[in-house]
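These notes concern the structure reproduced below.
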Amino acid sequence: MAFGKGCHLHLIDGSAFIFRAYHALPPLTRKSDGLPIGAVAGFCNMLWKYIEDAKGSDAPTHAAVIFDKGSHTFRNDMYDKYKANRDEMPQDLRPQMPLTREATRAFNIACEELEGYEADDIIATLARQAREAGGRVTIISSDKDLMQLVGGGVEMFDAMKNRAIGVEEVEAKFGVGPDRVVDVQALAGDSVDNIPGAPGIGVKTAALLINEYGDLETLLARASEIKQPKRRESLVDNADQIRLSKQLVTLDPQTPITFTLDDLEIREPLVETLLDFLNRMEFRTLTRRVAEKFNAEPPPAIEITASTDAATPAQDAPPITPESYVCIRDAKTLEKWLDQARARGWVAVDTETTSLDEMQADLVGVSLCIKAGQAAYIPLGHSMGEDDLFGGTARAEGQMDMDAALALLKPVLEDDSILKIGQNMKYDFKIFARHGIRVAPIDDTMLMSYAMFSGLHNHGMDALSDRYLNHQPIPIKDLIGSGKSQITFDKVAIDTATRYAAEDADITLRLWQQFKPRLHREQVTTVFETLERPMVPVLADMEMAGVKVDAQVLSRMSNAFAQKMAGLEDEIAQIAGTPFNVGSPKQLGEILFEKMGVEGGKKGKTGAYGTGADVLEDVTTLEDVNPQAAKLAARVLDWRQIAKLKSTYTDALQTHVNPETGRVHTSYSIAGANTGRLASTDPNLQNIPVRSEEGRRIREAFVAGPGMKIVSLDYSQIELRILAHVADLPEMKQAFKEGLDIHAMTASEMFDVPLDQMTSDIRRKAKAINFGVIYGISGFGLARNLRIPRAEAQGFIDRYFERFPGIRQYMDDTVAFAKEHKFVQTLFGRKIHTPEITSKGPSAGFAKRAAINAPIQGAAADIIRRAMIRMPAAIAGLPATMLLQVHDELIFEVENGAIDDLIAAARATMVGAAEPVMKLSVPLVVDAGQGASWAEAH
DNA sequence: AACTTCACG
DNA sequence: GACGTACGTGAAGTTC
């Protein structure tokens, strides 16, 4: 079809795709030969996503990917410094360039480039031709240099933000229409491309001038009339340079291309060619996806031969074949399998249940694996798929009696000489514990992965299997469905369940065989054995104990909150002049910043006004300017606080009270947070309110049983103490040894104020700085936190570094270490990987601060883990139970008569938790509290 | 499912 | 001249 009216041309900025892919991904290499391949992988994924996304109602009729060719263009002949400040192309990107062209052709998309011209010029030429032919054009790019082309049927599309860029967006960015963009760019220049422009004039000023004088030539002609001396001189003195800049930024719409628009017509991918290319690149996931999409058979995976990578599955491991798994239906067969486990000394174990909540889940079956490929499933609680006449479910045929099977399993699961291997063993541990079996000893592939790879990827079975076994397990959704029609596992047919469940045990064993030797190579065996694995029984016991929560107290609070909210809603509707959903930030933003005319509303990346608490607090100060809005903001803040307390706490907590135990049982994820911290879920009991008076009252509902009290012990300033130790800060260490107020001491050092003349405001500032340092301080962040000018904040930081030179050293050393090794380490050897540390752009800043914070937050996490692991022995014999951990705090339930003993024993354990492996140069201090509720104990 | 907001250390 | 930043989490509600 000839290009013409009604046609729609997509032009993809290929170089932008490549660089985005390169910087977004870690430096991946092809497994078989180590060829750098990350950018190609990202590029292919982006192209694939583009193709999928472009299939909508506004689908293109023609499309092409346009690349830059070489680095020398006609602009270099005009100006030899053009793009001269660009870094050389990274070494590992260079060999990927031709592959991106090959990839484009493999997807059967037109692929064009032209010697001596930039991709932007070709795009300009094609856009012009398409417009002249009466068609429409969409440029897939967010490059500002292309914005001059927008308008009259040409628009841009930012594929990352999923956002169209039309005339309005261009005007928002440059302050002028697309036809004057080059004038503004000529004046403002561009440090990235080394366009000189007019010194001292940026986009804002340039737009102002162009809007006033109409265009660049008029402006330059009348430059002498400009009042501001700086601007006038800059324009008068640099007129030639500005004209040159304009030539440099203006795209050439007449490049001598040798193809026509008709050549760019959309073509279906040639499936075989495409799959062959993807397979040669060894992109497993994408190959599979593409094959699935076209219902094609994926080509046989490339054989990996010359690899020393431990990720290569053992040569002798048979392929994973779910059809070969055994279903154990009688005692004799089970005994045979258990004998195998006894003979080998290990067995991989996995349980299937009816729920993810271990406290409510019923056991449905157990799977075992004793050797890669040799796995079995023991169905124990399967029912018929359909309900019977009486609304109950009949037990499925061919299953062992549950008690009989567990009686055979128990001696093996509790046998000291047989290692039980699991993936996320805490889950199975709890299931078995509810049947009177304490599984030990254990290994856990999830925790092994966490010890070795924290920060690199998550540690779920699907991710590990895909990554380390090159195998995608049967998705659970295939068995039980999803959403409303989801069924419980006991309803799954036994033969289907056998394939799924035994596969999990098989995968777990294979992962374990691969990980076990690698723990040593990665030098994290001690971390795994002293900080990860022992947490499993400790946390399982805490979770099973649960904490008593008085639902009546919560219910009363919920009712009170509901009344208060209703009152506030009425008041808010009245101030706004119209009722609206107060819980909708979008509606609130529109009312505040449009209807009520509050100025300075800032839109986020989705185009919605920000209405966070800090923004609303600023609005409340506008009493004189806009009293109605100030009042509205204040009421909304009140409403928000109560709504949060009600929905997240007083309402939700009630639903988490277990009907059998009358207590709330959280679940801790051991491998959730990168730094070694735990995370609490379902419900999260690590973020129960405390900072506000109203919120703190929720803790009154966390109570002790009759004759008992809640006891709380928390580390005082543990992260600052660790910082003082690792960064070697003599003044701070001394202050901790003397038991001084550390924030007051910091303030005194920094602001030269004697301790006896300290004010709370100065101390507050020092406290914010102390925290800031732990987080990888920046002037901007501190300024925002303290609500002071940025320059002042920067002054504080400079002074802090001057007074505590060890800090700067620590930060520099940590970042340098991270850059060299791609991980950082805690005092106890825990590794936290920081793959982003070498990336460019904003993510580099994030990675840096995370790298600075991780060893400190991580060491604190290590220390409380050590205390928790020792705690059961330390308090054995006392009528006390450890219930909760909140990062630096442990909460116990203790009989009244044993409170002092408990505090003494637990405090000693916590204070000495770093020893004997680590002798800190600062003391650890533990504060204790007690009471009828958590509110009183804290 | 993504985004925004807000609770904690 | 402009941009975009404090570290680590989980849950609820709205919007698409």
Side-chain angles (χ1 to χ4, degrees), chain A residues 144 162 173 187-192 197-207 581-589 604-616 636-637 640-641 643-649 651-653 656 666-669 672-692 695-696 698-699 714-715 717-719 768-769 771-786 790 793 797 832 841-858 860-861 864 885-889 938:
Chain A
K144 61 177 172 17
N162 237 347
K173 180 154 183 74
L187 287 167
D190 185 346
S191 59
V192 178
I201 291 182
V203 170
K204 283 274 154 68
T205 314
N581 184 349
V582 187
S584 163
K586 191 173 170 232
Q587 293 175 34
L588 173 64
K605 55 183 163 183
T606 54
Y609 290 105
T611 66
D614 49 345
V615 176
L616 295 188
V636 171
L637 281 169
R640 283 239 184 111
Q641 194 200 358
K644 177 80 175 180
L645 294 177
K646 183 171 186 293
S647 68
T648 311
Y649 299 104
D651 285 355
L653 268 177
H656 281 285
T666 184
S667 180
Y668 289 101
S669 46
N674 287 339
T675 53
R677 274 195 180 181
L678 302 177
S680 161
T681 64
D682 308 300
N684 182 354
L685 295 186
Q686 290 182 320
N687 71 345
I688 303 300
V690 69
R691 291 174 188 169
S692 77
R696 184 155 50 220
I698 289 169
R699 296 187 173 216
D714 68 289
Y715 284 109
Q717 307 289 359
I718 188 165
E719 294 194 352
I769 301 167
F771 275 106
V773 167
I774 291 171
Y775 298 150
I777 200 158
S778 76
F780 183 92
L782 183 65
R784 200 175 58 171
N785 191 288
L786 284 175
R790 195 175 153 174
I797 293 168
I832 297 108
S843 65
F846 282 112
K848 251 185 173 174
R849 294 191 294 269
I852 289 166
N853 174 260
I856 300 168
Q857 189 182 115
I864 197 165
Q885 188 250 41
V886 191
H887 309 307
D888 63 358
E889 175 185 16
H938 188 79

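In this text, all values refer to a predicted model and were calculated from it rather than measured experimentally.
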If only atom types and distance count, is the side chain of [X] paired as donor or acceptor with the main-chain N or O of [Y] below 3.5 Å?
{"X": "Arg699(A)", "Y": "Ile688(A)", "value": "yes"}
{"X": "Thr675(A)", "Y": "Ala854(A)", "value": "no"}
{"X": "Thr205(A)", "Y": "Ile201(A)", "value": "no"}
{"X": "Glu719(A)", "Y": "Ile856(A)", "value": "no"}

**OP:** Determine which nucleotide pairs with dC3(C), using a 3.5 Å limit on both distances of a Watson-Crick or G-U wobble pair.
**Re:** none
**OP:** Quick one: look up who dT4(B) pairs with, Watson-Crick or G-U, both distances under 3.5 Å, and put none if it's unpaired.
**Re:** dA12(C)
Going by distance alone, is a donor N or O of one side chain under 3.5 Å from an acceptor N or O of the other, for [X] and [Y]?
{"X": "Gln857(A)", "Y": "His887(A)", "result": "no"}
{"X": "Arg640(A)", "Y": "Thr611(A)", "result": "yes"}
{"X": "Ser667(A)", "Y": "Thr681(A)", "result": "no"}

Just to be sure I understand the rule, does [X] reach a base, reach only the sugar-phosphate, or reach nothing, if contact means heavy atoms closer than 4.0 Å?
{"X": "Ile774(A)", "answer": "nothing"}
{"X": "Gly610(A)", "answer": "sugar-phosphate"}
{"X": "Leu645(A)", "answer": "nothing"}
{"X": "Gly583(A)", "answer": "sugar-phosphate"}
{"X": "Ala652(A)", "answer": "sugar-phosphate"}
{"X": "Val203(A)", "answer": "nothing"}
{"X": "Gly200(A)", "answer": "sugar-phosphate"}

[X] has an atom [atom1]; how far is it from atom [atom2] of [N], in whole Å?
{"X": "Ile688(A)", "N": "dA7(B)", "atom1": "CD1", "atom2": "P", "value": "12 Å"}
{"X": "His938(A)", "N": "dC8(B)", "atom1": "NE2", "atom2": "C1'", "value": "10 Å"}
{"X": "Tyr715(A)", "N": "dC8(B)", "atom1": "OH", "atom2": "C1'", "value": "19 Å"}
{"X": "Leu616(A)", "N": "dT4(B)", "atom1": "CG", "atom2": "C1'", "value": "12 Å"}
{"X": "Asn687(A)", "N": "dC6(B)", "atom1": "CG", "atom2": "P", "value": "14 Å"}
{"X": "Arg696(A)", "N": "dC6(B)", "atom1": "CZ", "atom2": "P", "value": "20 Å"}
{"X": "Asp651(A)", "N": "dA7(B)", "atom1": "CG", "atom2": "P", "value": "16 Å"}

Original post:
Closer to the 5' end of DNA chain C via nearest nucleotide, is it His656(A) or Phe771(A)?
Top reply: Phe771(A)
**OP:** With DNA chain C as reference, determine whether Gly202(A) or Thr648(A) sits nearer its 5' end, using the nearest nucleotide of each.
**Re:** Gly202(A)
**OP:** Please list, in 5' to 3' order, the outermost nucleotides of DNA chain C lying under 4.0 Å from any heavy atom of chain A.
**Re:** dG1(C) to dC16(C)
Original post:
Within the structure, does a side-chain N or O atom of Arg691(A) lie under 4.0 Å from either OP1 or OP2 of dA7(B)?
Top reply: no
Roughly how far apart, to the nearest Å, are [N] and [M] at atom [atom1]?
{"N": "dA2(C)", "M": "dA7(B)", "atom1": "P", "answer": "34 Å"}
{"N": "dA6(C)", "M": "dA2(B)", "atom1": "C1'", "answer": "24 Å"}
{"N": "dT5(B)", "M": "dC3(C)", "atom1": "C1'", "answer": "24 Å"}

Subject >> Cation-pi check, Arg784(A) onto Phe780(A) ring (under 6.0 Å, within 45° of axis) >> reply: no
